[in-house]
There are 2 protein chains.
Amino acid sequence: MTHFGKSIRSRREHLHLDDKRFSLRQVALRIGIEPAYLSKIERGEVSPPSEATTVRLAHELGEDPDVLLALAGKVSGDLQNIIRKRPKLFAELIRQLKEAPDHALLHVVREVRDGEW
Amino acid sequence: MTHFGKSIRSRREHLHLDDKRFSLRQVALRIGIEPAYLSKIERGEVSPPSEATTVRLAHELGEDPDVLLALAGKVSGDLQNIIRKRPKLFAELIRQLKEAPDHALLHVVREVRDGEW
DNA sequence: CAAAGTGTGTACTATTTAATACACATGACA
DNA sequence: TGTCATGTGTATTAAATAGTACACACTTTG
């Protein structure tokens, strides 16, 4: 139980300050869930919603879906699919990067983006 | 639905050839599930078991847990935890590596293992 | 002041997940 | 021949997941 609920509530309330379309009800209806359910989610009365709903919420609030999914205790299904296709390689790589500092990760990201193998 | 069941059945039957301890029943009891349940799993009559059970099965059969979990359509919880701590970095890295050939992945793995950052 | 919009409490539900328990027929084996 | 082990069919289930439906009280606002 992280602060998924608090996080999206404060984000939504911030947006609500200068846009009345970000009331709990209107957001709920736009992302296709019941207002009462979103209320419970924001207050942490229920566990975070499904991946699909979390992603719609992220888009609605202008948040990074991967970050919001992480707060929800999940990892995006498309990332899981990538890993599942080469489980040994990805498992080794990810475990190896567990303790690496952020700048090392960034370094690898750039290297892969620019590198020609 | 991949061939999770077929895969473990053939693996178990192979081990059974020269070790009677690898009967369906005995394996089931050693990993702590009902023989009838393992029977259904092997024949694909039910979906693959939980992560914990899959991992015990992998150890029992001398298989790589990450590979068996992948066949079961899952990604190990500990990998997910690593990703969830730095979702943006890992998401970008993994998506970038989606199309990279195996040797490129291996290259990165080695670089991270040996590299000093 | 009435109508509309707001957030929330309570009750309920369908589906999926991850199994158990028991009975049965078959085959090995001593 | 009896007993032991083997694999499987049938029935059932406890818990988790992912929500809906409706009523209510309060607050704008036209």
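We use all heavy atoms of the structure for the numbers below, so side chains are in, but hydrogens, waters and symmetry mates are not. Every chain is numbered from 1, with letters handed out A, B, ... down the list of sequences.
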Could you tell me whether A/R95 sits above the aromatic face of A/F90, with NZ or CZ closer than 6.0 angstrom to the six-membered ring centre and within 45 degrees of the axis? no
Cation-pi, B/F4 ring and B/R9 (6.0 angstrom, 45 degrees):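 No.
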Using a heavy-atom distance cut-off of less than 4.0 Å, which residues of [range] contact DNA chain D?
{"range": "residues 50-63 of chain A", "answer": "A/S50, A/T53"}
{"range": "residues 66-84 of chain A", "answer": "A/K74"}
{"range": "residues 14-42 of chain B", "answer": "B/S23, B/L24, B/R25, B/Q26, B/P35, B/A36, B/S39, B/K40"}

Decide whether A/L93 and A/I83 are clustered together by the hydrophobic rule: side chain heavy atoms of Ile, Leu, Val, Met, Phe, Trp, Tyr closer than 4.5 Å, transitively.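 In one cluster with A/L93: A/I83, yes.
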Can you see if the side chain of B/R12 gets near the phosphate of D/dT6 - specifically, an N or O under 4.0 Å from OP1 or OP2?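 Indeed not, no polar side-chain atom of B/R12 lies that close.
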Is B/R9 near enough to D/dG7 that one of its side-chain N or O atoms lies under 4.0 angstrom from OP1 or OP2?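 It does not, given that no N or O in the side chain of B/R9 lies less than 4.0 Å from OP1 or OP2 of D/dG7.
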CD-CD distance between A/E51 and A/Q80, expressed to the nearest 0.5 angstrom: 7.5 Å
Heavy-atom closest pair, residues A/R12 and A/E42: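 Here A/R12 and A/E42 meet closest at NE-OE2, 2.6 Å.
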If you look at every heavy atom in B/F22 and B/H16, which pair is closest and at what distance? O-CG, 3.5 Å
Please check if the side chain of B/R30 supplies one atom and the backbone of B/R21 the other of a donor-acceptor pair under 3.5 Å. yes
Rounded to whole angstroms, how far apart are CD on A/E45 and P on D/dT20?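 To the nearest whole Å, that distance equals 15 Å.
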B/D66/A/K88 ion pair, N-O < 4.0 Å: no
Given DNA chain D, 5'-ward residue of the pair B/R43 and A/P49, judged by closest heavy atom: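 With B/R43 and A/P49 compared, the 5'-side residue is B/R43.
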Just by distance, with hydrogens left out, do A/R11 and A/S7 show a side-chain donor and acceptor under 3.5 Å apart? no
Partner of B/P87 under side-chain contact (heavy atoms from CB on, under 4.5 Å), chosen from A/L68, A/V75, A/V67: A/V67
